[in-house]
Peer 1: 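What follows is a single structure, and I will ask about it in a moment.
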Amino acid sequence: SSTFRPVGGGWLTAQWRSHRRMAGWFAAYLALQAYAVAGLPTPRFPDTASYLKLSFIGSDSRPWTVPLFYKLLPTDTLRICGQVVVAAIAWWVLAAVVAGMLGNRRLRIGARLVVLLLGLTGPIVEWNSTILSESLSISLTALLVAGWLSYVRRPRPASAAWALLATLLWTFTRPDHVDIGVLITVAGIVAGLWRRDRLRLAVAGVLVLISTAGFVTINRNNATTTARIADIVQGRVLPNAARTTWFIEHGMPYDATMAANAGNYFGAPLLADPAFAHWASTRGEHVYLEYLWSHPGYTLWQPLAAISGERPSLDVPAPSQVLTPNPTPSLLSPTANYGRHRDLLPEPVQALLFEQGQIGDVLALGLLTLALVGLAWRRRRLDSRMVVPAVALVCCVPEVFLVWLADPIELDRHAVVLAVALRIALWVLAAVAADQLLQRKSAPPAVAATPLPRAATALGWPDGRDRLHSGLTVDGRS
C-alpha cells in the first residue's frame with residue numbers, strides 16, 4: 001500500500017480516502033475487541049483437549065474447523081489473538097453488508113452501529129478468551145449470514161464462493177450445525193430449481209455435498225454419541241420413573257448403581273458398566289429416537305420451558321448444581337459466563353442487545369420486527385433481501401429442540417450460537433422492513449448513467465456503474 005498513489009483525479013482519490021478512513025475505523029473496532037480480553041487468564045475446561053485433536057474424516061470427537069484453527073495457532077496466546085481478529089473481521093463484514101443493502105442513509109448508519117455493538121456485548125465477546133468452539137462458531141455465524149446476504153443481493157461466482165466457504169467452515173464447527181445445514185441446503189435447492197440458472201444449480205449441488213460430508217463425518221465417531229446417550233439417561237431418564245420403565249422395557253440395563261447416579265451431571269459412571277456401555281453404543285441412540293417419536297409431549301413441550309430463564313427463589317445449592325455454571329439456563333438468552341472479559345458497553349445498551357437470563361430483549365425485538373414486516377407487506381411487496389434473515393429465523397426453531405434434546409449438560413453454553421443467530425436474524429429483518437417503509441412511494445427521478453473511468457474496470461469493479469447509480473438515486477437525490 002505504501003507504493004500506491006491515487007491517479008486519475010477525484011474518483012480514485014475519493015476511493016482511496018474512503019478506504020483509509022474505513023481502515024482506521026476497523027483498527028479502532030479491533031482494538032476494542034482486543035481490549036475486552038487482553039491480559040486476562042485463558043480458561044480451559046475438561047473438553048478443551050478434545051479441540052486440539054484434528055481429524056478431517058471424523059476419527060476424533062470434534063469436527064475439523066476448530067481443531068484446524070488451533071493447529072495453525074500452536075499456543076493459547078496465539079489462539080486468543082486469532083479468535084479476536086476473526087471476531088472483529090466477522091462483525092465488521094456483517095455490519096458493512098447489512099448497511100450496504102439498505103437505501104436510507106440514517107438507517108444504514110443505525111444498522112451498522114447496532115451490528116458492531118452486538119459483537120461487543122459481554123455474552124459474545126467473552127468467548128474470545130476461551131479455548132472452546134463457541135468463539136469461532138459465533139464469528140462464522142456472522143460471516144455465514146453476511147455471505148448469503150451478499151450472494152442473494154448479487155448472485156455472482158465471487159459471492160457464491162464466499163457463501164459456500166462460510167457454510168463449509170460453519171458446518172464443521174459443531175455437530176448440530178450439520179443438522180441445521182440441511183435447511184440451508186433445502187433453501188439452496190429450492191432457489192436453484194426456481195430459477196434454474198447454472199450458478200444457483202451449482203450452489204445447490206455444493207450445498208448437498210457439504211451436508212453429505214457433514215453427516216458422514218459426525219456419524220463416524222460413535223464415542224461421542226454413546227457419551228451423550230449416557231448423559232441423557234442419567235440426567236433425564238433415570239430421575240423419572242415412567243421414562244426409566246419405558247427404557248428398561250426397550251432393553252436398557254438397570255441396576256442399583258444406575259439408580260444411585262440418577263440426576264447426576266456426567267454419565268461417566270454409567271459407561272463404567274460394560275452392559276450399559278454396550279447397550280448405549282449399539283442400541284442407545286435408536287431407542288432414544290424411538291422415545292422422542294412416541295412421546296411428542298416430551299419432545300415438543302419440554303424444551304419450551306427452557307426458552308426463557310427463570311428467576312431463582314431460595315439460594316440453596318444442590319449437588320447437581322455444584323458443577324453446573326448456570327443451573328437455570330435460557331436457550332434464547334443464556335447466562336454462560338465461561339470466559340473472562342471486560343464489559344465495553346453501558347448496562348442499558350447491553351441489556352437491549354443481549355439480556356442474559358431473560359428473553360425480554362428478544363420479545364421486544366421480535367414484536368418490533370413482526371410489526372415492521374407486517375406494515376411492509378401491506379404497503380408494498382416484500383423483496384429478496386428478507387430471504388436470508390427469514391431462513392435464519394426458520395433455522396432457529398429446530399435448533400431450540402436440537403440443543404435441548406441432544407444433551408442435558410451445559411445447555412447455556414450450547415445455546416449461545418442459537419441466541420446470537422436469532423438476534424442477527426431479527427435485527428437484519430427489522431432493518432430491511434424499515435428500509436422498505438422509508439422508501440418513497442413514487443420512483444425517484446432518473447439520473448443519467450455516468451461512464452466510469454477505465455481504472456474502475458481495471459480495479460475489478462465492473463458493477464461500479466450500478467453502485468454509483470443506486471447511490472445517487474436511492475434517496476431521491478442527485
Side-chain angles (χ1 to χ4, degrees), residues 33-34 36-55 58 60-91 119-144 169-178 180 217-218 221 223-224 227-228 231 265-266 323-326 329-331 333-342 354 356 399 402-403 406-421:
Q33 289 275 358
V37 298
L40 299 179
T42 302
R44 277 189 171 236
F45 299 90
D47 53 348
T48 294
S50 63
Y51 291 103
L52 304 179
K53 300 176 181 179
L54 174 62
S55 173
D60 289 308
S61 58
R62 305 296 178 183
W64 53 263
T65 299
V66 177
L68 176 61
F69 184 80
Y70 287 164
K71 187 69 67 174
L72 295 175
L73 303 174
T75 67
D76 284 357
T77 301
L78 290 177
R79 291 164 186 154
I80 298 303
C81 292
Q83 290 178 163
V84 168
V85 172
V86 172
I89 293 174
W91 289 102
L120 291 175
T121 55
I124 293 177
V125 77
E126 66 166 295
W127 294 104
N128 295 336
S129 69
T130 63
I131 308 300
L132 293 170
S133 67
E134 278 67 29
S135 176
L136 279 183
S137 297
I138 292 172
S139 299
L140 288 174
T141 298
L143 284 176
L144 179 75
L169 296 176
W170 179 85
T171 299
F172 287 92
T173 304
R174 295 157 64 105
D176 55 319
H177 288 183
V178 176
I180 299 301
T217 300
I218 65 174
N221 193 294
T224 302
R228 287 189 175 185
D231 295 340
Y265 193 57
F266 286 110
L323 293 176
T324 307
N326 303 287
S330 167
L331 295 180
S333 297
T335 309
N337 297 321
Y338 281 63
R340 299 285 187 92
H341 72 283
R342 302 178 180 91
F354 200 131
Q356 288 186 306
E399 180 73 355
L402 283 175
V403 169
D407 200 336
I409 296 177
E410 298 179 306
L411 286 178
D412 44 8
R413 171 188 158 192
H414 295 156
V416 165
V417 180
L418 162 67
V420 175

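The first residue of the sequence shown is numbered 1, and numbering continues consecutively from there. Treat the numbers as computed from the prediction; the structure is a model and nothing was measured.
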Peer 1: Assess the side chains of Ser50 and Arg62: does a donor N or O sit below 3.5 Å from an acceptor N or O?
Peer 2: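 Yes.
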
Peer 1: Determine, for Arg413 against Asp407, whether the closest basic-nitrogen to carboxylate-oxygen distance falls under 4.0 angstrom.
Peer 2: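 Looking at Asp407 together with Arg413, the answer is no, because their closest N to O distance does not fall below 4.0 Å.
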
Peer 1: Over all heavy atoms of both residues, which pair between Ser133 and Thr173 is shortest? Give the atoms and the distance, please.
Peer 2: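 Here Ser133 and Thr173 meet closest at O-CG2, 4.1 Å.
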
Peer 1: In Å and rounded to the nearest 0.5 Å, what is the CD1 to OG1 distance from Ile180 to Thr141?
Peer 2: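 Here the interatomic distance stands at 11.0 Å.
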
Peer 1: Can you find a side-chain donor-acceptor pair between Asn128 and Ser135 that sits under 3.5 Å?
Peer 2: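 Side chains of Asn128 and Ser135: pair found under 3.5 Å.
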
Peer 1: Looking at every non-hydrogen atom in both residues, tell me the closest pair between Ser137 and Trp170 and how far apart they are.
Peer 2: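 In terms of heavy atoms, the two residues are closest at O-CD1, 4.2 Å.
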
Peer 1: Within the 4.5 Å heavy-atom criterion, are Ile131 and Phe45 side-chain neighbours or not?
Peer 2: no

Peer 1: Whether Arg340 and Glu126 form a salt bridge (side-chain N of Lys/Arg under 4.0 Å from carboxylate O of Asp/Glu) is what I want to check.
Peer 2: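 Answer for the salt bridge query: no.
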
Peer 1: Where the side chain of Glu399 meets the backbone of Ala421, is there a donor-acceptor pair that is under 3.5 Å apart?
Peer 2: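 Not at all, since once roles are kept as given, no pair shorter than 3.5 Å links the two residues.
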
Peer 1: Going through the checks in order, is the side-chain contact (heavy atoms from CB on, under 4.5 Å) test met by Thr65 and Leu140?
Peer 2: CA-CA 10 Å; Thr65 299; Leu140 288 174; 4.0 Å; yes

Peer 1: Does the Thr171 side chain pair with the main chain of His177, one donor and one acceptor, at a distance under 3.5 Å?
Peer 2: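 The answer is no, because no donor-acceptor pair under 3.5 Å joins these two groups.
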
Peer 1: Take Phe354 and Val420 through the test side-chain contact (heavy atoms from CB on, under 4.5 Å) and record every step on the way to the result.
Peer 2: CA-CA 9 Å; Phe354 200 131; Val420 175; 4.1 Å; yes

Peer 1: So does Ala38 get a backbone contact from the side chain of Arg342, meaning a donor-acceptor N/O pair under 3.5 Å?
Peer 2: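 Yes.
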
Peer 1: Within the structure provided, determine whether Leu132 and Arg44 are in side-chain contact (heavy-atom separation under 4.5 Å).
Peer 2: no

Peer 1: With a 4.5 Å cut-off on side-chain heavy atoms, are Trp91 and Val125 touching?
Peer 2: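 No, their side chains stay 4.5 Å or more apart.
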
Peer 1: In sequence, state the C-alpha distance, the side-chain angles, and the governing distance for Ile409 and Asp231, and then conclude on side-chain contact (heavy atoms from CB on, under 4.5 Å).
Peer 2: CA-CA 7 Å; Ile409 296 177; Asp231 295 340; 3.4 Å; yes

Peer 1: Using side-chain heavy atoms (C-beta onward) and a distance below 4.5 Å, is Arg79 in contact with Leu52?
Peer 2: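 Side-chain contact under 4.5 Å: yes.
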
Peer 1: Flag the pair Tyr51 / Ser61 as yes when at least one side-chain heavy-atom distance between them is below 4.5 Å, and no otherwise.
Peer 2: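 Not touching, per the 4.5 Å side-chain cut-off.
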
Peer 1: Is there a donor-acceptor contact under 3.5 Å from the side chain of His414 to the main chain of Ala406?
Peer 2: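 Here the side-chain-to-backbone pair does not exist.
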
Peer 1: Looking at Ser139 and Ala90, what are the two nearest heavy atoms and their distance?
Peer 2: O-CB, 3.3 Å

Peer 1: Tell me, with the steps shown, if Phe172 and Leu68 meet side-chain contact (heavy atoms from CB on, under 4.5 Å).
Peer 2: CA-CA 10 Å; Phe172 287 92; Leu68 176 61; over 6 Å; no

Peer 1: What's the spacing between Asp60 CG and Thr224 OG1 if we round to 0.5 Å?
Peer 2: 9.0 Å

Peer 1: Side-chain donor-acceptor pair under 3.5 Å between Tyr338 and Glu410, yes or no?
Peer 2: yes

Peer 1: With a 4.5 Å heavy-atom cut-off, do Leu73 and Gln83 have their side chains touching?
Peer 2: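 Contact flag for Leu73/Gln83 side chains = no.
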
Peer 1: Determine whether the side chains of Trp64 and Ser55 contain a donor N or O and an acceptor N or O closer than 3.5 Å.
Peer 2: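 No, no side-chain donor-acceptor pair sits under 3.5 Å.
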
Peer 1: Can you tell me how far apart SG (Cys81) and CG (Asp76) are? Round to the nearest 0.5 Å.
Peer 2: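 Answer for the SG-CG pair, Cys81 versus Asp76, is 11.0 Å.
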
Peer 1: Which pair of non-hydrogen atoms, one from Gly119 and one from Ile124, has the smallest distance, and what is that distance?
Peer 2: O-CG2, 4.1 Å

Peer 1: Could you check whether any side-chain heavy atom of Val403 comes within less than 4.5 Å of a side-chain heavy atom of Leu331, counting everything from C-beta outward?
Peer 2: yes

Peer 1: For residues Thr42 and Thr130, determine if any side-chain heavy atom of one lies less than 4.5 Å from a side-chain heavy atom of the other.
Peer 2: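 Result no, sub-4.5 Å side-chain heavy-atom pair not found.
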
Peer 1: Looking only at heavy atoms, which two atoms of Gln356 and Ala336 are closest? And how far apart?
Peer 2: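 Closest heavy-atom pair between Gln356 and Ala336: NE2-N, 4.1 Å.
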
